[in-house]
Amino acid sequence: MKNLLCLKVLSLICVIFSCDDKRTYLDGKIIKTSSDYISILKDEKIIKTTNVLENGYFNFVLDSIEDGLYNFQLNPEFQYIFLKKGDSLSLRLNTLDFDESLVFIGKGSSINNFLIDIFLKKEEEIEFLNKKINSKHDHFLKHVDSLIEENNNILSNFKKIQNTGSVENIVLENAQLMPLYSQLEKFYSINKEKIDSLNKQSFFYFRSKIDFNLDVLSHFKPYLDYLILRSSNQEKFTTNDYPNKDLNFNISRLKFIESSIQNRKIKDKVIRHIAYEYLLKEKVLIDIENFLFEFMKISNNLEINSEINLLYNNIVLLQKGKKFPEICLINSNGKTLSSKALKNRKKMIYVFWSINQDSHKIGLFNRIFKILNHNQRDYIFYCVNINSNQIEWIESLKTIPKSKNIIHFRSKEFDIMSKKIVLNNLNKIILTTGNGLILDISNIYELEKKIKSN
């Protein structure tokens with residue numbers, strides 16, 4: 001209560017000094033902070049970063065910002081925030097219960113508290129609809145329509161009370177509707193064989209209401225998620241140019257997006273997502289090359305093209321028989337070394353983990369010890385932590401049982417490492433010979449199965 005009162009006083013001071021001020025003020029208190037700094041982002045680009053003090057307080061003064069949707073990022077979490085010129089916002093959150101504990105006070109707080117309530121409500125609605133995903137299409141549609149009506153009534157009442165502007169309305173309406181429309185697209189992708197052409201027309205009544213070119217939502221995940229799902233359910237651009245059906249399917253998605261979205265920023269983000277999605281699951285290099293050929297015809301964004309080419313080149317270097325890419329590691333004594341220096345008589349297995357994902361860490365090391373109990377003679381695990389704080393990493397190691405077959409490191413340059421080894425999820429493992437030649441790239445679950453079956 002004392003901390004909340006301090007926030008109110010800070011917010012009031014900001015309001016007093018920001019009358020007729022074009023600056024925007026954001027401060028707050030973070031309990032059990034997960035990072036030493038907090039950043040404000042616009043369109044995924046950092047516009048300002050400030051330190052989080054030892055007592056959890058932080059403060060931003062933003063000059064002449066554009067009214068609209070932003071993110072604040074407190075690694076490893078991020079959240080949306082709506083900012084307007086002259087706002088004086090204070091927030092309070094506990095990182096152990098991030099979204100549920102987040103509360104705003106001050107000028108501009110109403111829309112942000114309402115936005116958080118929407119996000120929390122969507123989690124409950126999606127959980128409910130996922131349980132109905134195998135029901136009849138008309139029953140599923142009734143559930144969604146009922147939720148849409150309820151949400152529209154809530155939003156209508158909020159807009160009357162707050163007298164919201166056009167940009168705010170676009171954000172709030174799409175925050176309410178896009179996750180539900182995505183559920184309808186998801187339902188169709190799973191149950192399309194059960195829906196005839198007549199029923200399909202009525203099922204997709206909502207599609208005509210969706211604008212694919214809302215620039216204010218160009219970095220809003222619920223909106224982009226819908227467009228990505230929609231590209232998977234398009235039937236306009238079927239292609240049989242290549243033998244691989246999955247390749248043809250993803251090329252047709254690209255062509256649909258090229259035809260349907262005129263906003264360059266939104267189009268770039270959606271086709272980039274499709275490219276990553278395809279490249280990270282496709283194993284056949286010739287199919288990846290064919291996809292990239294078609295992708296480059298559509299994408300005019302040199303930065304994204306360079307990024308996708310780098311991903312392709314790193315995938316090529318991660319093939320079986322290739323040398324494990326050189327990465328910089330730090331040992332428990334704080335000494336930096338290269339992965340090239342790691343040699344062993346046993347096969348080497350690289351695994352990856354984070355201090356911030358406790359359940360993954362527990363599951364990972366449980367599986368590692370099961371594998372070692374089954375066969376300790378042939379394998380040694382190099383367990384690479386992805387966090388940047390040496391002291392916290394050393395403390396976390398105390399909770400992991402010791403084994404001569406487990407050697408711990410921390411990544412020195414995570415961004416560089418993650419690109420080189422295409423680390424798209426922490427369950428990934430890379431199995432090499434004792435000299436570092438790649439034998440297999442899989443995940444910890446598949447590895448456990450293979451080793452137990454031998």
Asker: Which heavy atom of Ile421 sits nearest to which heavy atom of Lys428, and what is that distance?
Answerer: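 Between these two residues, the closest heavy atoms are O-NZ, 2.8 Å.
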Asker: Step by step, work out the side-chain contact (heavy atoms from CB on, under 4.5 Å) result for Val171 and Ile111.
Answerer: CA-CA 10 Å; Val171 171; Ile111 185 173; 5.7 Å; no
Asker: Under the side-chain hydrogen bond (donor to acceptor under 3.5 Å, both in side chains) definition, can you give me all pairs with a residue in residues 431-443, not counting sequence neighbours?
Answerer: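 Every side-chain hydrogen bond (donor to acceptor under 3.5 Å, both in side chains) pair that includes a residue of residues 431-443, provided the two are not neighbours, is Asp440-Lys450.
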Asker: I'd like to know if the side chain of Lys267 pairs up with that of Asn301 as donor and acceptor (distance under 3.5 Å, no hydrogens or angles considered).
Answerer: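 Lys267 vs Asn301: no donor-acceptor pair found between side chains.
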Asker: Between Phe409 and Tyr382, what is the ring plane arrangement, given parallel below 30°, perpendicular above 60°, and tilted in between?
Answerer: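 Taking Tyr382 first and then Phe409, their aromatic rings sit tilted (interplane angle of 30° to 60°).
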Asker: Determine whether Leu426 and Trp353 make a side-chain contact, defined as any pair of heavy atoms from C-beta on separated by less than 4.5 Å.
Answerer: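 No, too far: nothing below the 4.5 Å cut-off.
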Asker: Any side-chain heavy atom of Lys122 within less than 4.5 Å of one from Pro222?
Answerer: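 Not in contact.
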Asker: How close do Val52 and Ser35 get, heavy atom to heavy atom, and via which atoms?
Answerer: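 Nearest pair, atom of Val52 first, then Ser35: CB-O, 4.0 Å.
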Asker: Please determine if Asp63 and Lys48 form a salt bridge, counting it only when a charged side-chain N lies under 4.0 Å from a carboxylate O.
Answerer: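 Between Lys48 and Asp63 there is no salt bridge, as every charged N stays at least 4.0 Å from the carboxylate O atoms.
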Asker: Is there side-chain contact between Lys107 and Tyr25, with heavy atoms separated by less than 4.5 Å?
Answerer: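 The answer is no; the side chains never approach within 4.5 Å.
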Asker: Is the closest side-chain heavy-atom distance between Leu224 and His273 below 4.5 Å?
Answerer: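 Sidechains of His273 and Leu224: no contact.
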Asker: Evaluate the ring planes of Phe58 and Phe60, with Trp represented by its six-membered ring, and classify them as parallel (under 30°), tilted (30 to 60°) or perpendicular (over 60°).
Answerer: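 Correct class here is perpendicular.
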Asker: Identify whether the distance between the nearest side-chain nitrogen and carboxylate oxygen of Arg264 and Asp268 falls below 4.0 Å.
Answerer: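 Salt bridge present between Arg264 and Asp268.
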Asker: Measuring only between side-chain heavy atoms, which start at C-beta, is Leu41 closer than 4.5 Å to His219?
Answerer: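 Answer no - side chains too far apart.
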Asker: Hey, can you tell me if Phe104 and Phe72 have their rings parallel, tilted or perpendicular (30° and 60° cut-offs)?
Answerer: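 Plane angle over 60°, so perpendicular.
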Asker: Which side-chain N or O atoms in residues 362-371 pair as donor and acceptor under 3.5 Å with protein atoms at least two apart or in another chain?
Answerer:
from, atom 1, to, atom 2, distance (Å)
Asn366, ND2, Ile362, O, 3.3
Arg367, NE, Glu448, OE1, 3.0

Asker: What are the two closest heavy atoms between Trp393 and Asn331, and how far apart are they?
Answerer: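 Nearest heavy atoms, Trp393 then Asn331: CZ3-O, 3.6 Å.
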Asker: Nearest 0.5 Å please: distance from the CG atom of Leu69 over to the CG atom of Leu83.
Answerer: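 Leu69 atom CG to Leu83 atom CG measures 9.0 Å (nearest 0.5 Å).
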Asker: Kindly give the heavy-atom pair with the smallest separation between Val384 and Ser411, and that separation in Å.
Answerer: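 That closest heavy-atom pairing would be CG1-N, 3.9 Å.
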Asker: Do Lys221 and Asp225 meet the salt-bridge criterion of a basic N to acidic O distance under 4.0 Å?
Answerer: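 Yes, Asp225 and Lys221 are salt-bridged.
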Asker: Is the closest side-chain donor-acceptor distance between Asn169 and Thr164 under 3.5 Å?
Answerer: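 There is such a pair between these side chains.
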Asker: Looking at Glu124 and Lys121, is any side-chain nitrogen of the basic one under 4.0 Å from a carboxylate oxygen of the acidic one?
Answerer: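 Between Glu124 and Lys121 there is no salt bridge, as every charged N stays at least 4.0 Å from the carboxylate O atoms.
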Asker: For the atom pair CG (Asn305) and CD (Glu303), what is the distance rounded to the nearest 0.5 Å?
Answerer: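 Between Asn305 CG and Glu303 CD, I get 10.0 Å after rounding to 0.5 Å.
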Asker: Taking Thr33 for the side chain and Ile30 for the main chain, is one N or O donor matched with an acceptor at less than 3.5 Å?
Answerer: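 Pair absent, no side-chain N/O of Thr33 close to backbone of Ile30.
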Asker: I'd like to know whether Glu173 forms a side-chain hydrogen bond (donor to acceptor under 3.5 Å, both in side chains) with Asn152, so could you lay out the CA-CA distance, the side-chain angles of the two residues, the decisive distance to 0.1 Å, and finally the verdict.
Answerer: CA-CA 8 Å; Glu173 286 165 9; Asn152 285 340; over 6 Å; no
Asker: Once you round to the nearest 0.5 Å, how far does OH of Tyr57 lie from CG of Asp27?
Answerer: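 Answer rounded to 0.5 Å: 9.5 Å.
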Asker: CG/Leu227 to CG/Leu217 distance, rounded to the nearest 0.5 angstrom?
Answerer: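 Reported value, rounded in 0.5 Å steps: 9.5 Å.
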Asker: Let me confirm one number: the CD1-CG distance from Ile251 to Asp246, rounded to the nearest 0.5 Å.
Answerer: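 Separation between the atoms: 10.0 Å.
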Asker: Taking the six-membered ring for Trp, are Tyr80 and Phe119 parallel (under 30°), tilted (30 to 60°) or perpendicular (over 60°)?
Answerer: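 Taking Phe119 first and then Tyr80, their aromatic rings sit tilted (interplane angle of 30° to 60°).
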Asker: Cation-pi check for Tyr70 against Lys42: NZ or CZ below 6.0 Å from the six-membered ring centre and within 45 degrees of the axis, yes or no?
Answerer: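 Judged by the rule, Lys42 and Tyr70 form a cation-pi pair.
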Asker: Looking only at heavy atoms, which two atoms of Ile327 and Lys420 are closest? And how far apart?
Answerer: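 That closest heavy-atom pairing would be CG2-CD, 4.4 Å.
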Asker: Any side-chain donor-acceptor pair under 3.5 Å between Asn385 and Asn387?
Answerer: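 Their side chains do contain a donor-acceptor pair, which is all the 3.5 Å distance test asks for.
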Asker: For atom NZ of Lys343, decide whether the heavy atoms of other residues, nucleotides or ligands shown that lie under 6.0 angstrom number more than 12.
Answerer: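 Yes.
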Asker: Quick one: pull up OG in Ser146 and CG in Leu141 and give me the separation to the nearest 0.5 Å.
Answerer: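 Answer for the OG-CG pair, Ser146 versus Leu141, is 11.0 Å.
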